[in-house]
J.: 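One structure follows; several queries about it will come next.
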Amino acid sequence: MSQIFPKSANAWARFSLFGLLLLIALGGWSILLLQRSDFVTAARAHVQQPIQFSHLHHVGGEGFDCRYCHTSVEESAFANVPSTKICMNCHSQIWLESPYLEPVRESFKTGQSLEWIRVHDLPDFVYFNHSIHVNKGVGCETCHGRVDQMPAMQQVASLQMEWCLDCHRNPEQYLRPRAQVTAMGYVPEGDQLEIGRRLKQEYKVLDAQTLTSCSTCHR
Amino acid sequence: MLVGLVMAGAACRQDMHDAPRFEPLEESDFFRDKRSARPLLEGTVARGHLRAEEAFYTGKVNNQPVVELPMPLTRDLLERGRERFNIYCSPCHGHTGEGQGMVVRRGFKQAASFHDPRLRGIAIGYFVDVMTNGFGQMPDYRTQVAPRDRWAIAAYIRALQLSRSATVDDVPGEERRKLETGGTPGASTSDEEGSTSHE
């Protein structure tokens, strides 16, 4: 009786076993990659706002400080999105004719709130607080990127747990002097790690142990 | 199958992501104006928001602007004032207080110059009053600048005004030597005094 399998079948069998393992590994790896991809984390996604508000114009062009509009970023967990009244501080007199600003004028007249769409949104089981970060020398730019170059707001960080932890383990990689917190395009004067370590001491930043314990962010 | 797995994985993530509570400024479908943060009823005062000290909160007593700062004048207060001034006032009044900020250059009404003789002579409480209630075409800064910061800004405006009448004798020794030998004083100092740069 002739053999059903040729001799090479042994090799094929071994090869396909390895192949299967490889395929599984590849699959796992792509799932991990996909988990971190912009597609899943919604980073860089474009959000259609009711008004085409441009940070490029207001921050990059005119040089307004973040805190002019995001008034509570230093005192509270929430950074605050500006009220219609704040827009009208300036737009009561400039760009009066602009059709882009019609919703602002409408809102000011009727008292109805403007309905901005959230760009960044952590799950509700995570506790985040702006004031602690800003007061300990973490710049807006570190988490939100070059806002001054954004015609439309984008999320640049993944906002995943590993992103928070990367910094909480070694904040000295990112710390800057408090006075520079809202500055865009900040370049450290010297070695970042050295400055970071000094600031970490000066601002009495908590140790990595505390900062990475689950109850810091899940409370 | 891979795609299916990932989809399934992604789909079951959302249940705990939006807990049944309101985040700040989140939309409500319960109230007609959709605000989850409710405005105060008329005639009520939120805890901790009672404005009993008239001078501190309005800059005025019996309708007259206060002359004295209601807190000690310290370097920290002036530093705070400078920072707040640059955030909230410089868009219109400029960093040196001449009234030539970016917004004015874009067509806003000419903002007052703090070096105007009338404003140089005015009581310090007047600035606090203008920030609290606005003045003419100038919007009020009641919601953006906290009462204590209004005083810090007022003190800084006074410092800006005084810097205009400063003489060489007012410059501290170290910097004066640099001036006299023709060197440029440190960038931060000239910024602070506002006497050399015009933005």
J.: Of all of Gln137(B), Met138(B), Arg106(B), which one pairs up most often with chain A through heavy atoms under 4.5 Å apart?
T.: Arg106(B)
J.: Could you look at Ser92(A) and say if it's the side chain, the backbone, both or neither that has a heavy atom under 4.5 Å from chain B?
T.: side chain
J.: Specify which of Asp65(A), Ile94(A), Asn89(A), Thr71(A) makes the most heavy-atom pairs with chain B at under 4.5 Å.
T.: Asn89(A)
J.: Decide, yes or no, whether a salt bridge links Glu98(B) with Arg164(B) under the criterion of side-chain N to carboxylate O below 4.0 Å.
T.: yes
J.: Where on Tyr68(A) is there a heavy atom nearer than 4.5 Å to chain B: the side chain, the backbone, both, or neither?
T.: both
J.: Is Glu83(B) close to chain A through its backbone or its side chain, or both, or neither, when contacts mean heavy atoms under 4.5 Å?
T.: side chain
J.: Between Tyr141(B) and Asn133(B), is the side chain to side chain donor-acceptor pair (under 3.5 Å) condition met? List the steps.
T.: CA-CA 7 Å; Tyr141(B) 277 80; Asn133(B) 298 311; over 6 Å; no
J.: Among side-chain atoms of Gln112(A) and Glu106(A), is any donor-acceptor pair under 3.5 angstrom?
T.: no
J.: Check Leu175(A) against Gly196(A) and note the closest heavy-atom contact, atom names and distance.
T.: CD1-O, 3.9 Å
J.: Could you tell me if Asp148(A) and His55(A) have a donor-acceptor pair between their side chains, going purely by distance under 3.5 Å?
T.: no
